[in-house]
Amino acid sequence: MSRGVEGEVRVFAEYERDFTEEADVVVVGSGPCGAVVAHELTAKGKRVVLLEEGPPFTPQEFELDGALSMSRTMREAGLRTTRGTIIPTMQAIALGGGSLVNSAICVRPPDFVFEGWEEHCEIEGTRRSDLDPHFDAVEAFLGIAPTPDDVQGQRNLLFRDGCNALGIESEPIARNVRGCRGSGECFTGCRARAKQSMDISYVPAAIKAGARVLTSVQVQEVLTDGRRATGVRGQVVEPFSGRRSHRFRIDAKAVVLAAGCMATPILLQKSGNLANGSGQVGRNLQFHPGLAVLGVFPDEVDPGFGATQGYQSLAFLREGYKLETLWAPAGILAVRFPGFGHDLKKRFAEVPYAANWDAIATCHRSLGTVRPRRGASLDPILTWHFDAEDAQVLGGALYQIARIFFAAGATTILPGVHGVADEMRSLEEADVLRTRRFAPSDFVTASNHAFCTTRMHGDPAKGVVDPLGRAHDMDGLFLVDTGIFPRCTSVNPMFTGMALAHRSAEALADQL
Amino acid sequence: MPSAWGLVAGLLTASLLGWAVWRVFGGYPQAKEPSLALTARELAFLVAVADATYPEGGPVPPSGTQAGIPAWADRYVASVPRTVGILMRLLFFLMEHATLFFAAPGRGGRRRFSSLSSEQQGAVLEDWRTSSWFPRRLVFSSLRAILTMGFFSDPVVLRALHLAAKQIESPVVEADLLYPAIGAHRSTIAYGPEDLVAPSGIPLAADAPLHPDHAEPTQ
Ligand SMILES: Cc1cc2nc3c(=O)[nH]c(=O)nc-3n(C[C@H](O)[C@H](O)[C@H](O)COP(=O)(O)OP(=O)(O)OC[C@H]3O[C@@H](n4cnc5c(N)ncnc54)[C@H](O)[C@@H]3O)c2cc1C
Ligand code: SF4
């Protein structure tokens with residue numbers, strides 16, 4: 001048995017035997033939420049061990065090919081889907097979690113979102129004004145700022161122009177980025193080292209402050225003594241193959257689960273159905289389904305240049321959707337082009353003239369579950385049902401995107417929806433998007449924003465944690481990932497997750 | 001002694017079985033190069049479906065096979081978890097043999113996909129693409145997704161569409177003093193504090209040199 005040294009990172013090649021360590025707090029998961037907690041607690045003088053199943057990636061290891069990149073950085077090679085209504089959803093497996101591959105979009109939800117949370121889940125003290133100090137702290141740390149014009153690129157600026165022409169409010173997206181070069185590669189990893197993903201921001205800062213960061217370790221069980229969480233145990237796993245080897249145990253005064261809204265409920269369920277007096281662990285799964293429309297312009301747009309997602313409109317949040325610009329590896333975006341053969345190639349020839357804009361819809365009525373598989377696998381079984389009313393909202397959102405495209409000068413749009421024309425050349429043709437009654441199966445949506453599987457609730461009989469992330473049913477157990485959201489944030493969730501985690505860290509530090 | 005009917009039924013079953021075995025296993029060309037995950041039969045299907053989906057010529061000239069889709073798919077299947085790989089291979093199998101139930105138009109429309117004429121292959125793909133039955137559309141889009149991702153892995157395609165990645169010198173940041181290459185020991189980290197550089201923030205120029213993997217090969 002070995003004992004760790006304070007303030008260091010450990011990687012796969014360095015594990016030679018089983019080990020046991022001790023800490024004040026063990027944090028499971030180095031995504032945006034876990035990384036914030038690990039840093040804040042370490043900065044307050046607590047002895048923290050941060051455990052991450054994935055490896056740290058260096059820029060030399062970023063794979064430019066979208067699909068091959070996904071099979072290295074994402075769980076189930078990025079091909080995870082739900083049963084019921086099929087929706088693909090990606091969760092990262094890497095130091096930094098989703099922040100390594102995400103577009104760095106940071107949005108504070110407006111007041112009405114939090115009011116809805118308080119009402120829906122009978123909680124208090126979680127208004128926007130309560131969270132603003134925590135948003136501020138994270139914003140300052142990560143240098144979150146609006147995307148400057150010089151790295152927007154045409155595909156982002158055209159969105160602004162279309163919105164301006166229609167009098168729709170829009171804004172440059174604020175991102176956790178310093179020194180962006182507009183490579184549009186956030187999805188495969190930022191070679192310019194500009195994106196302040198957790199592996200290059202909060203995690204190094206936590207290490208500097210004294211945290212021990214163990215990578216390539218998979219937590220398999222939360223340990224308890226009566227009502228109290230006392231630590232975790234698991235095994236070292238080889239990067240990419242997932243082969244398990246040495247065993248470890250971390251004993252701690254408090255356990256923080258930040259494994260993400262799909263993995264945290266699995267860990268609780270696999271640890272003897274912990275913290276589940278309410279029966280809500282693994283229930284209420286909500287997504288924020290997105291759909292992209294492609295618009296073709298008469299002049300070259302050069303979509304390869306520009307911040308991955310640089311512009312957005314929050315004007316329709318109350319109607320249930322957000323609009324934003326979008327870029328991803330071309331092979332992944334091209335999957336949405338209709339047809340095949342020479343027709344499809346002709347469409348590909350339009351790519352240099354094209355921009356992709358997407359809508360993400362707040363789908364409160366569409367719910368699902370996260371359940372464990374039999375055996376040793378920690379991959380979840382996901383179910384989800386796309387409610388017909390929620391689906392209808394997406395039709396309206398697509399119509400707004402069509403309006404913005406045509407106002408910006410697009411000559412053609414490809415809505416990518418079943419049951420309507422593959423191509424539309426005027427707003428009149430696009431009117432069908434507004435008027436048609438769509439079935440959920442008409443849309444092939446995707447969502448990487450997922451939440452609510454261990455939701456907070458004022459009533460312990462109806463939720464898993466309180467607003468500070470403290471488990472209702474256990475002592476010394478905190479949950480801090482997006483699973484604790486009472487409902488969808490209506491905007492991209494990472495920033496809210498980090499602000500809540502920042503608040504939880506303060507509460508936990510006071511308690512220890 | 002079996003009855004005459006029994007004999008006929010037995011013969012029929014045997015020939016059906018023989019035909020089924022031949023349909024699934026027989027008459028495929030040998031693989032030219034060793035593969036990572038796929039069999040010669042699966043690669044033969046991928047050659048056929050890649051070229052049916054991406055025929056040679058047009059504004060983005062390479063065909064599916066010229067763009068290296070079969071080899072890319074082999075690499076991709078080898079890189080995904082085993083269960084996902086099995087699903088992908090089932091998808092290839094399904095499309096190769098589904099003509100038994102959803103025949104292509106014309107003579108011999110029930111032959112396996114890779115043995116059909118290119119017109120028939122096109123008709124089969126169109127039938128799946130526009131099916132009113134969602135699962136068939138989903139099968140088509142899943143297959144086409146794999147082919148498309150493979151098509152776009154080809155630097156020739158990327159250059160033709162002005163989408164080749166630019167070369168970027170990654171600045172050394174504090175994290176680079178902490179993490180070695182995946183699989184390596186930290187003692188292999190080559191950087192020290194003196195190497196630290198702030199990210200430049202200079203927008204990439206349209207005529208910046210391309211990433212070596214995407215650049216035109218030099219003679
Ligand atoms: C491609 C993509 C783009 C996105 N873009 C944006 C965006 O621009 N803005 C935004 O707000 N949101 C975006 N999101 C969503 C956002 O990234 C997530 O909401 C966010 O990462 C959630 O943070 P988290 O800490 O809850 O979980 P995660 O980021 O999922 O982190 C959980 C971590 O726990 C680790 N882990 C899991 N199980 C175990 C275990 N058993 N043992 C040890 N470690 C474990 C995981 O490997 C992972 O690193 C995007 C997501 C994706 C995939
Ligand atoms: S757009 Fe490119 S340079 Fe900018 S943060 Fe994303 S990956 Fe980095």
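Remember, it's a predicted structure, so these values are computed and weren't measured experimentally.
Looking at P338(A), the atoms closer than 4.5 Å to chain B (heavy atoms on both sides) sit in the backbone and in the side chain alike. Residue Q152(A): no heavy atom, backbone or side chain, is found under 4.5 Å from chain B. Residue contact with chain A, scored on non-hydrogen atoms closer than 4.5 Å, involves the backbone of E56(B) exclusively. For chain B, the nearby parts of P56(A) are the backbone and the side chain; heavy atoms of each come within less than 4.5 Å. Only the side chain of D422(A) has a heavy atom closer than 4.5 Å to any heavy atom of chain B. Using a 4.5 Å cut-off between heavy atoms, V173(B) contacts chain A through its side chain alone, with no backbone atom that close. Both the backbone and the side chain of V60(B) come within contact range of chain A, each with at least one heavy atom under 4.5 Å from a heavy atom of that chain. In this structure, the portions of A145(B) lying under 4.5 Å from any heavy atom of chain A include both its backbone and its side chain. Contact annotation for S63(B): only backbone heavy atoms (N, CA, C, O) come within less than 4.5 Å of a heavy atom of chain A. Looking at F151(B), the atoms closer than 4.5 Å to chain A (heavy atoms on both sides) all sit in the side chain, from C-beta outward. Neither the backbone nor the side chain of P135(B) has a heavy atom closer than 4.5 Å to any heavy atom of chain A.
Contact annotation: the side chain of P59(A) approaches that of D176(B) to within less than 4.5 Å [non-hydrogen atoms, C-beta and beyond]. A 4.5 Å side-chain heavy-atom check between S141(B) and V444(A) finds every atom pair outside the cut-off. A heavy-atom distance below 4.5 Å is found between the side chains of E185(A) and I168(B). Here the side chains of P303(A) and L163(B) are in contact, with some heavy-atom distance below 4.5 Å. For the pair F340(A) and Y54(B), the minimum side-chain heavy-atom distance is 4.5 Å or more.
Taking every heavy atom of both residues into account, M149(B) and I332(A) meet most closely at SD-CG1, 4.1 Å. Closest non-hydrogen pair, L64(A) versus A165(B), comes out as CD1-CB, 3.9 Å. Y179(B) and V9(A) make their closest contact through CE2-CG2, 4.1 Å (heavy atoms, listed as atom of the first residue, atom of the second, distance). Contact between D65(A) and W72(B) at its shortest, heavy atoms only, is OD2-NE1, 3.1 Å. Heavy atoms only, all atoms of each residue included: A13(A) and A184(B) are closest at CB-O, 3.5 Å. Across all non-hydrogen atoms, the minimal contact from F305(A) to P203(B) is CZ-CB, 3.9 Å.
One N or O on the side chain of S170(B) and one on the backbone of R191(A) form a donor-acceptor pair closer than 3.5 Å. Here the side chain of R181(A) pairs a donor or acceptor atom with the backbone of I202(B) at under 3.5 angstrom. Of the possible polar contacts, one joining the R144(B) side chain to the G339(A) backbone as a donor-acceptor pair under 3.5 Å is found. Put simply, the side chain of K345(A) never gets that close to the backbone of P59(B): no donor and acceptor are under 3.5 Å apart. In this structure a side-chain-to-backbone donor-acceptor pair under 3.5 Å is missing from E14(A) to H185(B).
No other option in A206(B), S79(B), G58(B) has as many heavy-atom pairs under 4.5 Å with chain A as S79(B). Highest contact tally toward chain B, considering only K346(A), R336(A), E350(A), E300(A), is held by E300(A) [criterion: heavy-atom pairs under 4.5 Å]. The choice from G182(A), A77(A), G304(A), G341(A) that makes the most heavy-atom pairs within less than 4.5 Å of chain B is G341(A). Among the candidates P55(A), S441(A), A67(A), the residue making the largest number of heavy-atom pairs closer than 4.5 Å to chain B is A67(A). Contact count versus chain B (heavy atoms, under 4.5 Å) is highest, among A194(A), A192(A), G78(A), for A192(A). Ranked by heavy-atom pairs shorter than 4.5 Å toward chain A, the options R129(B), E169(B), H162(B) are led by R129(B).
Atoms CG and CD1, on L178(B) and I200(A) in that order, are 11.5 Å from each other to the nearest 0.5 Å. Taking OG from S71(A) and CZ from R75(B), the interatomic distance works out to 8.5 Å, rounded to the nearest 0.5 Å. The structure places CG of D442(A) at 7.0 Å from CZ of R137(B), a figure rounded to the nearest 0.5 Å.
A salt bridge is absent between R82(B) and E76(A): the closest approach of a Lys/Arg side-chain nitrogen to an acidic carboxylate oxygen does not fall below 4.0 angstrom. A salt bridge links E174(B) with K208(A); the closest basic N to acidic carboxylate O contact falls under 4.0 Å.
For F348(A) and F152(B), the ring centers sit closer than 6.0 Å to each other.
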